[in-house]
Q: 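Got a structure here, written out as structure tokens. Questions coming.
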Amino acid sequence: MTVNLAILSQRTGLAVLDHLEKQVAIPVIDGLQAQGDLLIVPLRMIATAVSIDNWATWREVPADGFEVLRGAAGGNPHTLVADASTCHWTTQARDTFELAIGIFRNTKPAYMLHPEHGATGFSPGVYVVRRQRELGHSRGGRRLVAD
Amino acid sequence: MSARWRLEAADIRDEWLGHALSTLPADRPAAEAAISSLYELARHPAPRFTWVASPRAAMDLVPPSAGETAAFAGMNTLADLPLVQRLAALTFNLRRALDRRVGHEWDTPGWRTDLRQLDAMVSRPLQDAVHRIRSAMRSALDMRQRLTWYGQHDVSWIAHYDAWRRVGRRVYLPPEERQLTLWAAVARSCGWWWAGEEVCVISERPAVQRIEDLRPHNAGGPAVGFSDGFAVHAWHGTLVPEWVITDPTPERIAAEPNVEVRRCAIENLGWERYIELAELRMVAAAADPGNPGFDLLLYDLPEQTWGGMARVLLAVNGSAERDGSRRRYGLGVPVFLDDPVAAAAWTYGLSAADYSTLARRT
């Protein structure tokens with residue numbers, strides 16, 4: 001089935017901004033992708049930096065969506081959407097750079113939806129969701145970017 | 001799987017956010033009636049009301065309460081307490097009772113486990129918003145020893161119980177309902193207020209209130225401003241002096257001691273404009289692998305700008321704004337990075353080679 005923004009918006013009940021094209025099919029790819037301040041990295045690419053805990057519990061991503069991260073101050077959530085029982089999420093992982101907010105593995109296409117940025121699709125695999133950082137203001141500090 | 005409850009929850013949140021951000025003149029009869037009833041519930045005769053244009057104007061009329069600590073010394077019953085504390089106890093007891101009715105969100109029956117996200121949708125964002133507005137305003141006022149009720153900026157806890165009643169189908173006892181309705185009526189009708197034994201001072205609502213992503217923000221004037229001139233300025237949630245909004249210049253930015261304020265001023269001026277006016281040196285430019293048609297630009301920053309040695313990477317948003325334009329934004333990066341692609345990669349903890357494979361940016 002071709003998935004577009006209108007379908008995802010209806011499924012999750014999340015309104016997307018009017019200027020985004022709602023009928024165009026969302027590409028489903030397996031490479032590195034960015035959405036706003038998030039980067040979605042295939043695990044194999046950063047397997048040296050990120051490891052999933054052996055005892056990690058995986059939570060099913062419900063068909064009407066799972067909020068991965070609320071945008072700054074709760075405004076706009078990045079929401080993961082997938083068919084029932086095809087995508088699971090865990091936060092029980094270690095990231096050398098401490099940028100990972102979680103990991104999902106999917107057996108069917110999964111989608112990341114954001115009211116301002118639109119949506120993008122992931123072919124089956126294991127992906128790490130990372131936040132963006134920048135140099136903090138105090139010497140040597142870091143801070144996470146929030147859009 | 002229905003998403004209907006989410007729409008309902010979003011409506012409730014928006015309804016209360018609307019009250020929190022209202023700039024309409026206060027509904028004085030409604031506010032006075034509800035507050036009088038609350039006095040009554042606190043077993044106190046209804047007060048006289050004095051209306052003021054802003055919380056700052058109220059500061060002259062509300063004396064700092066003196067004997068607050070003394071009240072606890074010989075306290076035996078509620079009746080021994082001053083009115084402000086009786087009102088506070090009233091709210092505290094109401095909230096404790098309603099918390100029991102709501103129960104823990106995880107107690108929701110299995111078929112409605114999705115309701116676990118109700119607080120995340122309604123009360124938490126509202127709380128974030130009103131807390132930020134309140135603390136912005138409080139920082140410009142001398143609030144010590146002045147117990148304040150926030151009227152329209154008290155919506156978060158009221159909306160919380162409202163949402164659990166309407167979406168979560170929780171049932172409250174009639175006296176609880178009645179008191180909640182009174183607090184809700186106050187939140188719908190006026191600004192901040194101070195409960196005196198005989199006189200209650202109430203502020204009008206602001207004439208301007210601007211938020212973005214639930215944070216006070218206005219690039220064109222005060223984020224919160226009242227008709228008598230009391231105003232606070234904010235840039236994406238950070239409180240800033242007025243010049244940051246009205247007249248950011250490289251000279252003022254260089255003279256500003258607070259690094260966070262400097263950064264807000266640069267963002268308001270625009271990174272491109274700042275780079276030009278402050279004559280920053282470009283280190284390198286490169287095509288952004290993840291954003292076809294757009295460049296990544298790397299500049300040296302004067303040492304004090306970022307509070308230490310730093311460079312700034314100028315990147316362009318992946319998705320267009322409403323007007324079709326794309327926002328350019330600056331990110332601080334370590335000074336050892338010479339390659340703009342490596343700098344962009346660093347912000348995500350990747351190597352330049354891996355970042356170059358970025359397939360899609362939304």
Side-chain angles (χ1 to χ4, degrees), chain A residues 10-15 17-20 26-27 29-36 39 41 45-46 49 62-67 70-77 84 95-100 112 114 116-121 130-141 143 145-147, chain B residues 1-7 9-10 113-114 117 120-121 124-129 132 211-215 236-237 259-260 262-263 290-291 306-313 317-324 329-335 346-350 354-355 357-362:
Chain A
Q10 193 192 1
R11 250 214 218 177
T12 56
L14 287 169
L17 293 188
D18 288 338
H19 69 275
L20 296 170
I26 298 161
I29 38 191
D30 69 354
L32 183 66
Q33 300 195 57
Q35 183 174 81
L39 192 74
V41 196
M45 189 179 275
I46 48 173
D64 61 353
F66 168 77
E67 244 174 52
R70 277 212 157 243
N76 286 312
D95 180 354
T96 311
F97 295 101
E98 291 178 357
L99 295 174
M112 184 87 83
H114 186 276
E116 276 177 14
H117 298 294
T120 195
R130 266 189 173 172
R131 299 197 64 176
Q132 191 171 25
R133 65 177 165 175
E134 71 168 322
L135 199 65
H137 299 139
S138 52
R139 204 170 284 269
R143 61 172 217 160
V145 178
D147 71 350
Chain B
M1 283 276 189
S2 159
R4 180 166 300 166
W5 76 268
R6 287 189 201 222
L7 298 175
T113 50
D114 53 351
Q117 286 181 35
M121 284 203 64
R124 265 176 244 147
L126 285 173
Q127 193 171 32
D128 286 347
R132 291 184 180 114
I211 62 167
E212 191 186 283
D213 279 339
L214 303 178
R215 291 179 294 190
H236 296 295
V259 65
E260 195 58 49
R262 278 206 295 276
R263 182 191 156 86
N291 209 0
W306 213 262
M309 294 285 283
R311 283 178 169 163
V312 64
L313 176 74
N317 251 358
S319 48
E321 304 292 307
R322 257 174 246 259
D323 62 5
Y329 59 98
L331 294 174
V333 295
V335 73
W346 176 89
T347 66
Y348 291 115
L350 291 181
D354 281 343
Y355 180 75
T357 67
L358 190 62
R360 180 170 147 88
R361 174 177 279 284
T362 47

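Proteins get letters first, then strands, A, B, ... in listed order; numbering begins at 1 in each.
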Q: How close do B/G349 and A/F97 get, counting heavy atoms only, and between which atoms?
A: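 Where B/G349 meets A/F97 most closely, the heavy atoms are O-CE1, 3.6 Å.
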Q: Quick check: closest heavy atoms across A/A119 and B/T362, and the distance to 0.1 Å?
A: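 For A/A119 versus B/T362, the nearest heavy atoms are O-CG2, 3.7 Å.
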Q: Which bit of A/A49 comes within less than 4.5 Å of chain B, counting heavy atoms only: side chain, backbone, both or neither?
A: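 The answer is neither part of A/A49.
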Q: Pick one: which of B/V312, B/L313, B/L331 meets side chain to side chain contact (heavy atoms under 4.5 Å, CB included) with A/E134?
A: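 Answer to the side chain to side chain contact (heavy atoms under 4.5 Å, CB included) test with A/E134 among B/V312, B/L313, B/L331: B/L331.
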Q: With a 4.5 Å cut-off on heavy-atom pairs, point out which of A/P27, A/G31, A/G65 contacts chain B the most.
A: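 Most heavy-atom pairs within the cutoff with chain B belong to A/P27.
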Q: Drop me the distance from B/T347's OG1 to A/Q132's CD, to the nearest 0.5 angstrom.
A: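 That separation rounds to 4.0 Å.
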Q: Is B/L350 in contact with chain A via its backbone, its side chain, both, or neither, using a 4.5 Å heavy-atom distance?
A: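 For B/L350, the contact with chain A is made by backbone and side chain together.
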Q: Measure the CH2-CG distance between B/W5 and A/D64 for me, rounded to the nearest 0.5 Å.
A: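 These two atoms lie 8.0 Å from each other.
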Q: Could you tell me which non-hydrogen atom of B/Y348 sits nearest to which non-hydrogen atom of A/A34, and how far apart they are?
A: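 Taking every non-hydrogen atom into account, OH-CB, 4.5 Å.
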Q: Is B/R360 reaching over with its side chain to a backbone N or O of A/Q35, donor-acceptor style, under 3.5 angstrom?
A: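 Such a contact is absent between B/R360 side chain and A/Q35 backbone.
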Q: Under the rule for salt bridge (Lys or Arg N to Asp or Glu O under 4.0 Å), what residues qualify as partners of A/D95, not counting sequence neighbours?
A: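 Scan of A/D95 (salt bridge (Lys or Arg N to Asp or Glu O under 4.0 Å), adjacent residues dropped) gives A/R130.
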Q: State, with a plain yes or no, whether a side-chain heavy atom of A/L39 is found less than 4.5 Å away from one of B/L358.
A: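 Yes, at least one pair of side-chain atoms sits under 4.5 Å.
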